[in-house]
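Here the structure comes first, spelled out in structure tokens, and everything after it is commentary.
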Amino acid sequence: MPLREEPHPATPAGPLLAVRDLRVRFRGITALDGVSFDVARGEIAGLIGPNGAGKTTLFNCLSRLYEYSEGSIAFEGRPLEKLPRHRMAALGIGRTFQNLALFASMSVLDNIKVGLHARTHKGFLAHALRLPGVAGEERECNRRAGELVRFLGLEAVAQQRVAELPFGTRKRVELGRALASRPALLLLDEPAAGLNHEEVGALGSLIRAIRDQFQLTVLLVEHHMGLVMSVSDHVVALSFGRKIAEGTPAEVQRSPELIQAYLGAEA
Ligand code: ATP
């Protein structure tokens with residue numbers, strides 16, 4: 001299925017994402033304390049760590065929801081801190097949220113189209129108002145939205161309001177919305193949370209299929225160790241805002257610092 005006809009422009013050498021010495025403080029709490037790591041093009045990278053480790057803070061820095069006081073993030077070799085938040089989707093960074101960020105009263109198809117408009121020239125409002133010159137773009141949007149609906153197995157619910165759908169299905173709609181903006185980097189924030197055992201199994205295959213089909217890079221925050229270790233090429237582990245381990249899933253699982261961090265968190 002030709003879901004990604006155009007390759008992403010400008011693919012300089014080096015990692016897709018380079019996080020360097022990132023520091024974030026909230027009134028006395030150091031949420032990130034000098035974190036550095038790279039995410040290579042085309043890999044599935046997992047970000048793990050006990051509660052409060054700083055994973056969401058890092059994601060929020062990557063989507064420019066939080067400012068960082070020190071350090072840098074480079075995406076495609078360009079520093080993120082100089083770019084406004086609303087440019088993230090156009091730049092090629094898409095994300096999903098722990099608590100879903102969908103328009104509940106809109107249909108599945110329309111939610112996916114909102115994501116598509118992040119990349120159209122005329123924008124969602126021009127399309128909604130049917131301003132001149134939108135017809136061609138509208139046809140292209142409909143075609144791409146249809147492809148995404150089929151890819152995610154959402155055909156039967158495409159016209160249904162999101163509010164009427166089970167949680168697992170809504171999560172797939174959110175994936176569709178994020179994919180619609182054709183990200184080079186897809187940030188998945190706890191995609192397994194709230195899913196049952198079977199759904200988590202299907203999610204692992206879906207994440208791999210998304211990476212392959214859309215030729216993108218995935219960074220995944222996840223507490224479900226089974227999922228993150230089976231799907232990731234590369235894992236970064238945080239604890240109390242610091243990187244405590246990094247490597248292949250097998251390497252990270254053997255890390256005494258990681259074992260200690262989780263045992264400590266349990267205690
Ligand atoms: P979880 O797995 O529970 O989601 P996490 O690894 O995502 O945890 P963060 O949510 O990034 O961890 O939190 C890291 C630290 O920063 C915690 O001590 C948290 O209380 C604090 N923190 C995060 N966001 C804020 C905020 N907006 N204001 C104040 N403190 C914050």
Side-chain angles (χ1 to χ4, degrees), residues 1-19 37-48 55 58-59 62-63 73-77 88-98 112 115-116 118-119 144-145 147-154 168-169 171-193 195 198-237 246-252:
M1 208 186 323
L3 284 166
R4 280 278 321 268
E5 300 91 349
E6 309 149 36
H8 273 277
T11 46
L16 182 72
L17 186 73
V19 176
F37 65 93
D38 287 346
V39 177
R41 281 162 220 286
E43 76 176 0
I44 299 176
L47 188 59
I48 60 168
K55 306 178 296 294
L58 182 63
F59 252 39
L62 291 172
S63 29
I73 302 176
F75 174 70
E76 302 266 18
M88 289 299 104
L91 188 74
I93 299 182
R95 82 170 276 184
T96 65
F97 290 82
Q98 253 172 61
I112 290 177
L116 279 165
R119 283 283 181 136
R144 294 194 67 86
E147 280 177 353
L148 282 165
V149 160
R150 280 190 295 281
F151 176 80
L152 293 163
L154 294 167
T169 312
K171 284 206 132 177
R172 263 186 295 144
V173 178
E174 211 202 8
L175 262 176
R177 183 194 49 75
L179 286 171
S181 66
R182 280 188 267 152
L185 175 66
L186 179 64
L187 305 172
L188 302 178
D189 197 355
E190 296 199 27
L195 300 187
E198 255 173 46
E199 287 172 328
V200 172
L203 177 65
S205 314
L206 182 60
I207 293 172
R208 269 193 231 97
I210 285 171
R211 185 265 306 270
D212 297 343
Q213 186 91 44
F214 296 82
Q215 298 158 42
L216 48 72
T217 303
V218 178
L219 179 61
L220 151 90
V221 162
E222 190 49 72
H223 279 290
H224 193 295
M225 284 297 149
L227 175 72
V228 79
M229 293 302 174
S230 65
V231 87
S232 304
D233 303 303
H234 166 211
V235 177
V236 175
E246 181 174 12
T248 62
E251 285 164 352
V252 168

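The minimum heavy-atom distance linking Leu206 with Phe151 is given by the pair CD1-CE2, 4.1 Å. For Pro15 against Val39, the heavy-atom pair with the smallest separation is CB-O, 3.6 Å. Looking at every heavy atom in both residues, Ala184 comes nearest to Phe75 through CB-CZ, 4.1 Å. Closest of all the heavy-atom pairs between Pro183 and Gly94 is CB-N, 3.5 Å.
Salt-bridge formation is detected for the pair Glu76/Arg41: a Lys NZ or Arg NE/NH1/NH2 atom is positioned less than 4.0 Å from an Asp or Glu carboxylate oxygen. Comment: Arg150 does not engage Glu147 in a salt bridge, judged by the lack of any side-chain N to carboxylate O separation of less than 4.0 angstrom.
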Let me check something: any side-chain donor-acceptor pairs from residues 225-232 under 3.5 Å, sequence neighbours excluded? List them with distances.
{"unit_1": "Ser230", "atom_1": "OG", "unit_2": "Gly226", "atom_2": "O", "d": "3.0"}
{"unit_1": "Ser230", "atom_1": "OG", "unit_2": "Leu227", "atom_2": "O", "d": "3.1"}
{"unit_1": "Ser232", "atom_1": "OG", "unit_2": "Val228", "atom_2": "O", "d": "2.7"}

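A distance of 5.5 Å separates CZ of Phe37 from CG of Leu219, quoted to the nearest 0.5 Å. In this structure, the separation between CD1 on Ile207 and CG on Leu175 is 7.5 Å, given to the nearest 0.5 Å. Taking OG1 from Thr217 and CG from Leu16, the interatomic distance works out to 4.5 Å, rounded to the nearest 0.5 Å.
Two residues are said to be in side-chain contact when any heavy atoms from C-beta on lie closer than 4.5 Å; Val236 and Val19 fail this criterion. With a 4.5 Å cut-off on side-chain heavy atoms, Leu17 and Leu185 count as touching. Looking only at side-chain heavy atoms (C-beta outward), Glu174 and Lys171 stay at 4.5 Å or farther from each other.
Judged by distance alone, with hydrogens and angles left aside, the side-chain atoms of Asp38 form no donor-acceptor pair with the main-chain N or O of Ala18 at under 3.5 Å. Formation of a donor-acceptor pair under 3.5 Å by the Ser63 side chain with backbone atoms of Phe59 is found in this model. The closest donor-acceptor contact from the side chain of Glu222 to the backbone of Ala192 lies under 3.5 Å.
Listed by chain and number, the residues in a salt bridge (Lys or Arg N to Asp or Glu O under 4.0 Å) with Arg172 amount to none (sequence neighbours excluded).
A donor and an acceptor atom, one from each side chain of His224 and Glu190, are nowhere located under 3.5 Å apart.
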